[in-house]
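Working notes, beginning with the structure itself.
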Amino acid sequence: MSTNASSAPDPLVALGSLPGVPDAVDSVRKAVDRVYGHRVMRRRSNEITSEAALRGARGSAALSGADWALEEVRRRTDFGSEAEARTVGAALRLTAEAGQLLSIWRQSPLRVLARLHLVAAADSAETVGRPRQHGEPVDEPLIELELPDADEVAGRLEGLSQLIIAGSSAPALVTAAVVHGELLALRPFGSCNGLVARAAERIVLIGSGLDPKSICPAEVGHAEQGRAAYAAALDGYASGTPEGVAAWITHCGRSIELGVRESTAVCEALQRGAA
């Protein structure tokens with residue numbers, strides 16, 4: 001992990017006490033509780049989950065350079081014809097796959113990450129589904145951080161894996177933000193790292209119990225805040241300073257809240273009979 005708290009017995013717990021983070025955790029928890037308490041959720045939660053998945057995939061694709069209108073994502077069936085379409089298709093596949101990997105995540109997170117990359121890349125190349133090796137290029141033009149070498153990637157991935165397997169009493173927001181941030185900072189695969197990182201964040205939020213029905217698409221909020229804000233917050237995380245890491249965690253928290261707002265609007269539309 002790229003933090004100054006890494007020497008603590010449980011670094012995730014330590015991160016949860018950084019300035020501003022407890023308030024973000026509390027704000028996210030209250031927002032999630034409100035949408036789960038919406039009367040529409042009692043009868044039509046499956047519809048909310050499906051819509052959140054679609055909107056989350058659209059948001060993740062937008063952050064990877066394919067900023068399509070929601071209705072375009074909804075109506076399209078061909079996602080293999082050109083670069084942006086392939087990105088949208090990969091985001092949709094990852095969103096569908098994430099819920100199938102929850103039981104594996106806590107026992108073998110590296111296996112899950114490999115599977116996510118296979119699903120996203122949809123390619124049979126030997127570089128797909130495994131961390132990059134020395135000299136292999138990375139196609140991730142929207143992330144401009146310095147690229148760690150293969151040895152650092154392997155070591156930090158193993159450290160992240162051990163944290164997940166060991167479990168933590170840290171809030172779900174903190175764990176999800178660290179998983180997301182580490183994968184973006186490392187870019188362990190030759191492609192699709194942003195899409196994989198956001199899918200992994202989704203897995204943490206679902207598996208932690210914060211968002212068990214997957215109705216709070218953080219990807220929507222990340223996209224709504226914009227790529228510039230996303231990159232700036234990631235720079236803070238990669239800096240390893242307490243202030244930078246806290247800013248990234250609170251950015252992720254705000255993204256979840258904006259995802260909640262999106263699903264609340266869907267609930268209201270269903271309640272009015274307009275959707």
Side-chain angles (χ1 to χ4, degrees), residues 35 40-41 44-101 116-123 128 139-143 180 183-184 189 191-203 205-206 211 213-231 233-234 251-252 254-275:
V35 71
V40 169
M41 283 294 296
R44 305 178 72 173
S45 64
N46 288 342
E47 292 173 73
I48 308 301
T49 296
S50 295
E51 192 65 21
L54 184 72
R55 294 175 187 230
R58 193 217 71 82
S60 189
L63 287 166
S64 287
D67 192 0
W68 288 13
L70 179 64
E71 291 312 312
E72 178 71 2
V73 178
R74 197 188 301 279
R75 75 169 186 83
R76 281 285 287 266
T77 57
D78 173 20
F79 295 105
S81 57
E82 40 91 26
E84 286 195 4
R86 289 195 297 271
T87 297
V88 174
L92 288 166
R93 291 192 300 273
L94 284 173
T95 300
E97 186 77 7
Q100 310 302 313
L101 299 172
L116 291 174
H117 188 242
L118 280 167
V119 168
D123 194 339
V128 173
D139 180 16
E140 202 74 39
L142 301 178
I143 304 295
H180 185 170
L183 293 174
L184 284 177
F189 303 109
S191 62
C192 303
N193 290 286
L195 295 171
V196 168
R198 291 183 288 275
E201 178 186 49
R202 173 181 285 269
I203 288 172
L205 295 174
I206 299 169
D211 182 22
K213 293 183 181 294
S214 193
I215 62 167
C216 306
E219 306 96 323
V220 167
H222 287 302
E224 186 171 332
Q225 293 186 84
R227 277 188 276 177
Y230 188 65
L234 178 61
H251 179 89
C252 291
R254 178 59 180 156
S255 296
I256 296 169
E257 290 185 63
L258 290 170
V260 167
R261 187 176 72 180
E262 186 90 352
S263 287
T264 300
V266 173
C267 287
E268 294 295 334
L270 288 172
Q271 187 166 285
R272 294 192 303 270

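Residue I203 holds its CD1 atom at 10.5 Å from CD of Q100, rounded to the nearest 0.5 Å. Interatomic distance, OG of S50 versus CZ of R44, reported as 11.5 Å (0.5 Å rounding). Taken to the nearest 0.5 Å, the CD atom of E224 stands 7.0 Å off from the CD atom of E262. The structure places CG of D78 at 10.5 Å from CZ of R86, a figure rounded to the nearest 0.5 Å. The line from CG of L118 to CZ of F189 is 8.5 Å long, rounded to the nearest 0.5 Å. Atom SG in C216 sits 10.5 Å away from atom CD in E257 (nearest 0.5 Å).
Contact of the L258 side chain with the Q225 side chain is registered, since non-hydrogen atoms from C-beta on lie closer than 4.5 Å. Side chains of H117 and C192 form a contact here, defined as non-hydrogen atoms less than 4.5 Å apart. At a threshold of 4.5 Å between non-hydrogen side-chain atoms, the residues I215 and M41 count as touching.
Partners of R58 under the side chain to side chain donor-acceptor pair (under 3.5 Å) rule, at least two apart in sequence or in another chain, are D67. S214 is linked by a side chain to side chain donor-acceptor pair (under 3.5 Å) to R202, counting only residues two or more places apart in sequence or in another chain.
Heavy-atom minimum distance, A218 versus L205: CB-CD1, 4.3 Å. Residue T87 comes nearest to L195 through the heavy atom pair O-CD1, 4.1 Å, listed as atom of the first residue, atom of the second, then distance. In terms of heavy-atom proximity, A52 sits nearest to P217 at O-CB, 3.7 Å.
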Salt bridge (Lys or Arg N to Asp or Glu O under 4.0 Å) evaluation trace for E201 with R198: CA-CA 5 Å; E201 178 186 49; R198 291 183 288 275; over 6 Å; no
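In terms of modelled atom types and a separation under 3.5 Å, the side chain of Q271 and the main chain of V40 share no donor-acceptor contact. Panel note: side chain R93, backbone A120; a donor-acceptor pair is recorded below 3.5 Å. T49 places a side-chain N or O within donor-acceptor distance of the main-chain N or O of S45, the cut-off being under 3.5 Å.
Of the options R254, H251, R227, a side-chain contact (heavy atoms from CB on, under 4.5 Å) to H222 is made by H251 and by none of the others.
No salt bridge links R75 with E71; every basic N to acidic carboxylate O contact stays at or beyond 4.0 Å.
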